[in-house]
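To start, the structure under review is shown below, and the notes come after it.
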Amino acid sequence: MNSLKLGVEVIGAHDLVAKDGQDPSNLPNLNLDACIYHFNNKSNGSKTPIGKVFVTADSSLRASNPLPAMQESIFDGFVNNTDESLTQDEIPIPASFTSQILNNVLKKKKEPVHTFHNLPKSSDGKEKKSSGVAFGMHEMKSGQSAPNAVKAFAGAAMDYVLKETSPSLGGGKVVGGRVIRPSSTYDLVEPMEYLFARVVKARDLPRKDLTGSLDPYVIVKVGNFQGTTTHFEKNQSPEWNQVFAFAKDNQQATSLEVIVKDKDTIHDDLVGTVRFDLYDVPIRVPPNSPLAPQWYRIVNKNGDMMNNGEIMLAVWHGTQADEAFPDAWHSDAMSPTGSFSANYAQIRSKVYTSPRLWYLRVKVIEAQDLVSPDDKSKAVDAFVKVQHGNQVFRTKTVQSRANNPQWDQSTLFVAAEPFEEPLIITVEEKKEIIGSIVIPLGSVEKRADDRSIRSRWYPLAKSISSAMEEGEKKMKDKEKNRPTSRQLWKKPIGVLELGILNADVQPTKTRDGRGVSDVYCVAKYGHKWVRTRTVVGSLNPKFNEQYTWEVHDPSTVLTLGVFDNAQLSDSDDSKDSNIGKVRIRLSTLETGRIYTHSYPLLSLQSSGLKKMGEVHLAIRFSCTSMTNMINLYFKPHLPKMHYTKPLNIFEQEKMKFQAMVIVVARLSRTEPPLRKEVVEYMSDTDSHLWSMRRSKANINRLKSVFSGLISAGSWLMEISTWKNSVTTVLVHILYMMLVCFPQLILPTMFLYMFIIGLWKWRFRPRYPPHMDTRLSCTDLTNPDEFDEEFDPFPTKKSQDIVRWRYDRLRSLAGRVQSVVGDIATQGERLHALLNWRDPRATTIFMLFCFVAAIVLYVIPSQILFLAAGFYLMRHPKLRGKLPPAPVNFFRRLPALTDSML
């Protein structure tokens, strides 16, 4: 009998019924909810809810372990428990609480982890987006603030990292920083297909009756999206020449309708219609010539061709590279109802130029033959007031018996081209005007070097409007010494190209019961500002706009900000809210490489740090001459005048403020205007204000700068204490070699630095730098410090809060004062060695110096260095436990601390 074996291979299974009766196919539609409680032992084990965490199904059904994905999570809100039974000892410390949460959530368990897997979907060359884990906290009681511990955990859990992407730019995919396709004009943005319709003009339009007039306008309609031209009164042959662009995502129909209507107070009458089948619309790709418009006969409401009435149209398919795109009306600027925004001028893309700024230097020297307005016989107590715009300078008051006062004072102003405001100079006595001068700045000589300027006499007028020869005033001519002059401009060394692709933002307002945002971007580099169009009512706006700048210096910064447009409503006092900002220094970019990254948009608010979304950018820095760029690293950063006649710190701060006021005023006069809050946010105007967070960050930066010296000191301490005997012996040998052959010291140092740089090349940064939340100390800042940072100047807080913050600042300043005093004490002790404040100590030090001079003259220096080095690195058994004699001697030296009140 043969023994046979049956083998069964299980291939797969489907439509299995779970034990609980639930269908597994519903799993992607479900969410995992987890509640966080505070367990109180003193209240009979009561549990107080702190908040709720929900994990979306998209983040669970990924092909990787879902637990590490919780590092990309976001806390949207928090609640504070105010139960009186929760004592101070039971309140979790922020650090321990955060560590406990992270350990429970993020640590790798030893037991096997069950993970859901699914097949990855094709991305079609698009950016891969992962949803991660979403956190939401539900409010319990109004007026309660969040615990510091939960806020600290929120800052650590949010996703602030820079993400590299691989979009399809210009029709080709980005691989390794290069686009695999032939270059084109718009190769840093993704192609966006549009349906363009140009309405040129109409002729011989039919009237309502023989005597009636016609006020025609045109509606261009594709599905639910429609755009409207302006209307003309009593005109049968109007000319519009307007272009409408409908994005492919907004094309909800297979035909395009051009409807001519008659404007009426009660009801707009239909004049005629022209219909286009979208399948028959031609495609135009630049640099092909523009499509020529044609005359089309209009059709009445019954579908009959009319005998009279024609309209000139051009309809074609194209992309954002089309010449008509910048001035066209876009479908993504329409409201959800399908109509264009009423304030369409506020949402169009534009390019702005900052005004050319000059330093205006005025030196007031003296005056002659001044006459007092009260009594011509008495001496004049005069001062001079110089004014340019809102900038005012006043000299000291000088009394002169001969009525020839001398001031010899100078000041600096900021002036902008074109020079619209003159320089007004008045000589006054006790608020009474003696004489005035009005000087147009266009007549003032411009100076780009440090040559001397001849002084001039100006006649004083009785008033600004009239001229009376009552005296003369001598004044040094004005100079403007800013690198605005073209002769000081550097030659361009390259080109900076920026592609603004898309963004994902949080809702900033509510419209029709849902959260929306009207997003636009502003980029600034040098004197050129650019503004993208506003995408209305979208949380995932697509811009795909490309801009170019000339680069004159690589040590410069590109700034891009994302804002919510608040000018679409009728409210005049609404301000555009900032969503986030990106700063990129050009010197950190490799030339010729395309950087495609998704940058997190971080917003500091009075409640803390919040991630408002992400913006997707493509950046390329191209160099025209590498030799010129390398040469630029060794040239002065500023023109010669900034070094021959430097400005002090107070003048620099004053000039910065005045320059910002002028730039804000000029850009607000453009159409559409760049609003004041946008320019100030892009220019970091509040960076000089006090902030506890910035102070902590700067202290940590200072510690990081000296961390190398501290590490070297720790290493030398380990060597001197023989912590590792082998290393200490090797250091002894190296030290002997350097002392015996001192010519090797400098070559060894530079070779060591070269090797360190060569080693770190493997770990060089591959991404552009971005906002570092840890460097900014956002995780170490409590809510009150955030609230203080955003408190306006002057403060609007209550007296109790201001008093508490003042006491805290005094405590901090006291510690700084103590550190500064200790440093000054050590320096004063050094001075006390030779100033005979302590005669015995000075005598001892002088005797030591005399003996040291003889010893150093007699004994070779190499032997002394060897002896000193071996003494410092001696074995711990040869060391005493008490401080050495030189340290004791130095600590006994006197300081000026005893002389202070």
Side-chain angles (χ1 to χ4, degrees), residues 125-128 161-192 286-287 319-321 351 489-502 521 523-530 532 543-560 582-599 614-635 637 757-771:
K126 303 289 184 181
E127 174 190 1
K128 297 180 180 179
V161 297
L162 199 66
K163 300 176 184 177
E164 188 174 11
T165 60
S166 298
S168 299
L169 302 183
K173 194 176 183 63
V174 177
V175 177
R178 300 290 188 272
V179 178
I180 306 178
R181 66 173 300 277
S183 61
S184 63
T185 305
Y186 290 85
D187 60 346
L188 289 186
V189 292
E190 296 179 329
M192 295 182 65
T319 64
Q320 73 269 33
V351 178
W489 287 4
K490 303 172 184 177
K491 294 181 179 179
I493 60 169
V495 176
L496 172 64
E497 299 169 277
L498 170 66
I500 305 175
L501 304 180
N502 52 63
C521 301
K524 177 182 76 74
Y525 179 76
H527 293 283
K528 181 179 176 181
W529 298 61
V530 298
T532 67
F543 302 102
N544 287 301
E545 298 185 23
Q546 184 169 340
Y547 300 96
T548 305
W549 290 268
E550 283 188 347
V551 178
H552 299 269
D553 195 325
S555 300
T556 46
V557 177
L558 168 70
T559 306
L560 180 135
V582 176
R583 283 193 296 260
I584 301 174
R585 182 168 288 273
L586 268 62
S587 59
T588 62
L589 304 179
E590 299 178 13
T591 56
R593 178 183 173 184
I594 299 178
Y595 292 85
T596 54
H597 293 85
S598 184
Y599 295 81
E614 295 180 351
V615 61
H616 193 191
L617 304 178
I619 303 172
R620 177 172 57 201
F621 173 38
S622 304
C623 178
T624 56
S625 175
M626 183 62 67
T627 304
N628 293 340
M629 186 170 67
I630 298 299
N631 239 354
L632 204 60
Y633 276 86
F634 301 96
K635 293 183 178 180
H637 188 70
L758 202 62
W759 173 259
K760 289 187 175 182
W761 180 84
R762 300 172 53 195
F763 314 101
R764 67 189 184 279
R766 302 301 178 93
Y767 298 162
H770 187 51
M771 308 294 182

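Count residues from 1 along the sequence. In this text the structure is predicted, and so the values were computed from the model without any measurement. We use all heavy atoms of the structure for the numbers below, so side chains are in, but hydrogens, waters and symmetry mates are not.
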Check your understanding: If you take all heavy atoms of Pro492 and Thr624, which pair is closest and at what distance?
Key -> O-OG1, 3.9 Å
**Study point:** Residue pair Met629 / Ile493: nearest heavy atoms and the distance that separates them
**Key:** CG-CD1, 3.7 Å
Point to revise | Minimum heavy-atom distance between Arg620 and Ser622, given as atom pair plus value | key: CG-OG, 3.7 Å
Review point. Side chains of His637 and Ser555: is there a donor and an acceptor less than 3.5 Å apart?
Key: no
Check your understanding: With side chains defined as the heavy atoms from C-beta onward, is the minimum distance between Leu501 and Leu169 less than 4.5 Å?
Key -> yes
Point to revise | Side-chain touch Glu545/Val189, heavy atoms, less than 4.5 angstrom | key: no
Review point. Roughly how far, to the nearest 0.5 Å, is the CZ atom of Phe543 from the CE atom of Met192?
Key: 10.0 Å
Exercise for review: Before giving the answer on side-chain contact (heavy atoms from CB on, under 4.5 Å), spell out for Val351 and Lys528 the whole-Å C-alpha distance, their side-chain angles and the decisive distance to 0.1 Å.
Suggested key: CA-CA 7 Å; Val351 178; Lys528 181 179 176 181; 3.7 Å; yes
Check your understanding: Any side-chain heavy atom of Asp553 sitting closer than 4.5 Å to one from Leu586?
Key -> no
Point to revise | Step-by-step side-chain contact (heavy atoms from CB on, under 4.5 Å) determination, Ile500 to Leu617 | key: CA-CA 5 Å; Ile500 305 175; Leu617 304 178; 4.2 Å; yes
Revision key, fill the gap. When every non-hydrogen atom of Tyr595 is compared with those of Thr588, the smallest separation belongs to OH-O, 4.4 Å
Review point. Can you tell me how far the CG atom of Leu188 sits from the OG1 atom of Thr548, to the nearest 0.5 Å?
Key: 8.0 Å
**Study point:** Gln546 side chain near Asp187 side chain, heavy-atom distance below 4.5 Å
**Key:** yes
**Study point:** From CG (Leu632) to OG (Ser587), nearest 0.5 Å
**Key:** 11.5 Å
Review point. Considering the options Glu614, His616, Lys163, Glu164, which one meets the side chain to side chain donor-acceptor pair (under 3.5 Å) requirement together with Ser598?
Key: Glu614
Check your understanding: So, for Tyr547 and Val530, which heavy atoms are closest and what is the spacing to 0.1 Å?
Key -> CD2-CG1, 3.6 Å
Practice item. Give, for atom CZ of Arg583 and atom NZ of Lys524, the distance between the pair rounded to the nearest 0.5 Å. Key: 10.0 Å
Review point. Is Thr165 reaching over with its side chain to a backbone N or O of Pro167, donor-acceptor style, under 3.5 angstrom?
Key: no
Point to revise | Minimum heavy-atom distance Ala523-Leu498, with the two atoms named | key: CB-CD2, 3.8 Å
Check your understanding: Should Trp549 and Leu558 be marked as a side-chain contact (heavy atoms from CB on, under 4.5 Å) after you check the CA-CA gap, both sets of side-chain angles, and the distance that decides it?
Key -> CA-CA 10 Å; Trp549 290 268; Leu558 168 70; 4.3 Å; yes
Review point. Is the side chain of Thr319 donor-acceptor paired with the backbone N or O of Pro191 at a distance under 3.5 Å, no angle test?
Key: no
Practice item. Could you tell me whether a side-chain N or O of Asn544 sits under 3.5 Å from a main-chain N or O of Glu190, the two making a donor and an acceptor? Key: yes
Check your understanding: Just by distance, do the side chain of Glu590 and the backbone of Arg766 share a donor-acceptor pair under 3.5 Å?
Key -> no
